[in-house]
Amino acid sequence: VSQLISVLTPVYDPPEAILEAAIRSVLDQDYPNFEFCLVDDASTGPHVRRLLEEASRNDPRVRVMFRNENGGIVAASNDALSLATGSFVALLDHDDLLEPNALGAVNHHLELGGDDADYLYTDEDQLDLDGQFVNAFFKPDWSPERLRSQMYTCHLSVIRTSLAREVGGFRAEFNGSQDYDLVLRVTERARRVVHIPEVLYHWRMLPTSTANNASAKPFAYDAGVRAVKSHCDRVGLRAEVEKLNLPGTHHVRREVIGEPKVSIVIPTGGTKRRVWGRDRVLVVEAVRSIIERSSYRNIEFVIVVDETIDPSVIAALEELLGSRLRLVWFREEFHFSRKTNLGAANATGDFYLLMNDDMEVITGDWLEELIGLVQHTDAGMVGCKLLFADGTLQHAGHVYSDSRPHHSFFRYPATEPGPSCLLQITRECSGVTAACALVPAKVWHEVGGLSEELPNNFNDVDFSLKIRHLGYRILWTPHAQLYHFESMSRDTTVTPDELRFIQTRWDAQLRTDPYSNPNFDPMRSDSVRRFPSHSK
Amino acid sequence: MSRTDQDGGVPKTEESIVATGGSAEGLTSAQMKADWATSEGADSLGTEVERLRELVGPDELAYKALKLELWRLRDTVIGMEAELGNVRGRCLVLEREREDAARSRIEREPDTSEGVDDFIAAAAKRARAFRERGQHK
């Protein structure tokens with residue numbers, strides 16, 4: 001069924017050629033079933049009225065309204081919404097361009113997905129002052145946590161008209177981030193959100209636009225923070241919204257409800273290694289860093305140890321932890337999954353924090369951050385930002401592509417924002433490492449812990465995919481940071497059997513990662529665009 | 001000639017020694033031995049002190065300085081390692097940017113040499129059409 005799509009464009013004094021290009025990009029669509037609702041917000045330039053009247057005269061699908069006085073973008077956008085008769089509205093700024101197949105692709109995805117899609121968004125890029133397409137933003141599939149962290153869906157946004165009206169349209173108090181506010185309210189009620197992984201929108205970089213200059217509209221970022229706070233209040237999320245240093249990004253800091261007990265499960269052989277020029281017993285220093293630096297107190301430590309462990313390690317742990325130590329003896333050959341499962345079986349907490357012994361806490365409120373994320377959402381697991389001893393990224397979430405799991409942005413600097421700031425914000429990902437991840441006890445038991453077919457490697461990949469298979473999301477946060485002196489305590493050689501096991505069990509999931517993008521090179525884990533393009 | 005005469009009439013008291021040396025540690029072994037010589041068993045005690053000093057090093061202050069130096073060196077190791085990691089990471093970032101930019105550029109402006117794929121030409125044509133539409137008059 002061909003849907004009538006209403007393109008909404010508020011207009012206020014754009015340069016003539018730019019407005020003309022925007023209008024032509026709509027009229028040249030290869031999909032005919034649209035209407036174009038243009039509202040002039042009392043522009044001062046005479047070319048605006050001329051171009052709009054001309055477009056309206058030449059094409060019956062063009063509907064034009066001229067406001068008597070300038071009311072701002074929110075008022076003009078609401079007027080455009082009131083003109084719409086289509087079942088969906090597509091939002092286009094007066095200086096931007098649609099790809100010729102944009103509306104056709106939207107309709108195609110509506111046809112594919114049944115009738116419950118209420119909100120669609122596409123990939124986008126920017127059109128610089130020289131007319132070059134730059135900064136393509138290839139987006140993940142629907143990621144509500146990421147939307148709280150930044151307005152990532154942005155352009156092109158297509159909303160079911162009835163829902164846009166039901167939530168009250170655009171709101172003046174969020175001027176500058178009125179789209180963000182609307183999309184937050186729409187997605188709270190949307191039955192299904194669809195991502196179209198194609199660049200169908202070109203955002204023009206003008207000196208006055210935020211596409212070109214992040215400081216052009218500082219008020220817009222403040223409005224964005226308020227929009228997210230308003231969203232949190234509506235959905236009952238007890239949280240503070242903090243503006244991060246990178247423009248347009250936020251940290252939604254959840255309040256921990258009650259004081260649930262966290263069982264930190266650490267399998268260890270009591271290994272001693274050299275870190276930063278000093279010898280250390282890894283597990284002792286990991287535990288010491290937790291108790292010395294963590295602000296959260298309701299913790300029990302379940303330490304699973306080999307029979308061969310040096311008694312002085314046990315003595316050191318007992319001295320550090322006293323009654324908080326729950327010591328579990330492991331009497332088999334090294335088997336990470338079995339050892340962790342044994343630890344979890346002895347845990348009594350509401351949440352299990354899976355942890356390797358070669359860690360060191362950096363951020364004091366790391367546990368509050370992790371607990372807040374799994375307490376308030378449908379997340380089944382949340383992972384941390386892990387750094388090597390040299391400060392480079394060890395873990396920023398998994399990416400699954402080319403039938404293999406990868407650590408995204410492996411070895412990048414800790415301060416690197418990543419494309420579209422993805423390394424500095426809390427977001428969904430396909431999986432996280434079990435080297436340090438928080439899981440609600442309920443979810444752990446639902447999925448049956450780590451699969452013991454995988455003694456050494458990929459047990460966390462399998463665990464992540466089992467959790468997602470049950471419908472939970474997996475989150476990664478950069479606001480809980482630890483050092484991970486990886487591979488110091490075990491052999492990480494991957495056996496062909498382990499790889500074959502996960503490839504057989506999770507064939508489809510390891511080929512297509514919903515939180516990556518088909519436009520990225522599947523052989524890489526750092527968001528480099530595929531060549532040739534996926535959409536070609 | 002008495003000691004008092006040698007020192008210009010100023011009697012050498014314990015206070016003056018502290019004032020000039022800063023602490024009893026400022027005494028030479030010979031001076032200490034001389035003082036202890038008046039008490040019983042002082043010789044063997046002095047020998048023990050000498051032995052302990054041999055074990056510790058030149059003196060306690062030097063030992064403290066050595067510890068500070070060690071901590072400084074450890075901090076330097078961590079700092080150097082972090083700096084090395086940062087530089088290594090920056091290389092990755094730049095390599096990624098170069099690769100991404102190269103692939104984007106090829107899509108926008110095709111190589112005109114032989115064997116250019118059709119899709120590149122088509123993409124460039126499309127991009128050019130958009131550029132022409134978007135130019136300022």
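Each chain gets a letter, A, B and so on, in the order its sequence line appears, and its residues count up from 1.
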Enquirer: Based on non-hydrogen pairs under 4.5 Å, which of A:A414, A:G391, A:S527 is most in contact with chain B?
Expert: A:S527
Enquirer: For atom CG of A:N58, decide whether the heavy atoms of other residues, nucleotides or ligands shown that lie under 6.0 angstrom number more than 12.
Expert: yes
Enquirer: Please classify the contact between B:L92 and chain A as side chain, backbone, both or neither, with a heavy-atom cut-off of under 4.5 Å.
Expert: both
Enquirer: If you round to the nearest 0.5 Å, how far is CZ of A:F388 from CZ of B:R88?
Expert: 10.0 Å
Enquirer: Counting only non-hydrogen atoms closer than 4.5 Å, can you tell me which residues of residues 67-79 of chain B sit against chain A?
Expert: B:R74, B:V77, B:I78
Enquirer: Step through the shown structure and confirm whether more than 12 heavy atoms of other residues, nucleotides or ligands are within 6.0 Å of CZ on A:R50.
Expert: yes
Enquirer: Any idea which heavy atoms bring B:V93 and A:P413 closest together, and the distance?
Expert: CG2-CD, 3.6 Å
Enquirer: Run A:D390 and B:E83 through side chain to side chain contact (heavy atoms under 4.5 Å, CB included) and show every step you take.
Expert: CA-CA 7 Å; A:D390 68 359; B:E83 191 51 43; over 6 Å; no
Enquirer: By a 4.5 Å heavy-atom criterion (distance strictly below it), what part of A:F409 contacts chain B: side chain, backbone, both, or neither?
Expert: side chain
Enquirer: Can a donor-acceptor pair be found, under 3.5 Å and without considering hydrogens, that links the side chain of B:R96 to the backbone of A:D526?
Expert: yes
Enquirer: Under 4.0 Å between a side-chain nitrogen and a carboxylate oxygen: does that hold for B:E99 and A:R529?
Expert: no
Enquirer: Do B:D100 and A:V528 come close enough that some side-chain heavy atom pair is under 4.5 Å?
Expert: yes
